[in-house]
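As structure tokens, the structure follows; a few thoughts come after it.
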Amino acid sequence: MYPVQSGDKLYRVTRYDLQRGGFIVMIELRFYLSGPQQGLYVAAPLYKIEDYPVSESLWGKAATEGAALHECLQKIKHLSAQEIYSFPEKYPFA
């Protein structure tokens, strides 16, 4: 248990860069160390250079880093970088 306040979320962040069609798709992977999602890995493509990930439908969520990243990459495998960025919703991580 980490000494954080009730309601705080503590997570470790890893960033991956995927080069596709002349663009860099940044994928942020979070491992939740505390809070209601403790122990969960979440991988999400980031919306260009902003801090918000694209549509939650493209996220990978799993019990391991590799599985979360794999799920995310599987969901975007068939999409161009422009298509990834064209998903209308932008979500702050929950």
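With Ser55 contributing its side chain and Leu58 its backbone, the two residues share no donor-acceptor pair below 3.5 Å. No donor-acceptor distance shorter than 3.5 angstrom exists from the side chain of Trp59 to the backbone of Glu71, with no hydrogens or angles considered. Judged by distance alone, with hydrogens and angles left aside, the side-chain atoms of Ser34 form no donor-acceptor pair with the main-chain N or O of Tyr2 at under 3.5 Å.
Taking the ring centroids of Tyr32 and Tyr11, they lie under the 6.0 Å cut-off.
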Discussion item. Salt bridge (charged side-chain N to carboxylate O under 4.0 Å, His left out), that's the test. Do Glu56 and Lys75 meet it? Break it down for me.
Written reply: CA-CA 11 Å; Glu56 190 171 1; Lys75 289 179 178 182; over 6 Å; no
Discussion item. Before you tell me yes or no, could you show the steps for Leu73 and Ile27 under side-chain contact (heavy atoms from CB on, under 4.5 Å), namely the whole-Å CA-CA distance, both residues' side-chain angles and the distance that decides it to 0.1 Å?
Written reply: CA-CA 9 Å; Leu73 291 170; Ile27 299 171; 3.7 Å; yes
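Across every non-hydrogen atom of Ala68 and Val42, the tightest pair is CB-N, 4.5 Å. The nearest pair of heavy atoms linking Ala67 to Ala62 is CB-CB, 3.5 Å. In terms of heavy-atom proximity, Cys72 sits nearest to Pro45 at SG-CD, 3.6 Å.
Atom OG1 of Thr64 sits about 10.5 Å away from atom NE2 of His70, to the nearest 0.5 Å. If you take NZ on Lys9 and CD on Gln38, they are separated by 13.0 Å, rounding to the nearest 0.5 Å. For the atom pair OG1 of Thr14 and CD of Glu28, the computed distance is 9.0 Å after rounding to the nearest 0.5 Å. With values rounded to the nearest 0.5 angstrom, Ile84 atom CD1 is found 9.0 Å from His78 atom NE2.
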Expected list for residues 16-23: side-chain donor-acceptor pairs under 3.5 angstrom, two or more places apart:
from  : atom 1 : to    : atom 2 : distance (Å)
Tyr16 : OH     : Glu65 : OE2    : 2.6
Asp17 : OD1    : Arg15 : NE     : 2.9
Asp17 : OD1    : Arg15 : NH2    : 2.9
Asp17 : OD2    : Arg15 : NH2    : 2.7
Arg20 : NH1    : Ile76 : O      : 2.7
Arg20 : NH1    : Leu79 : O      : 2.7

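Counting only residues at least two apart or on different chains, no salt bridge (charged side-chain N to carboxylate O under 4.0 Å, His left out) pair has a member in residues 34-46.
Leu29 places none of its side-chain heavy atoms less than 4.5 Å from the side chain of Val13.
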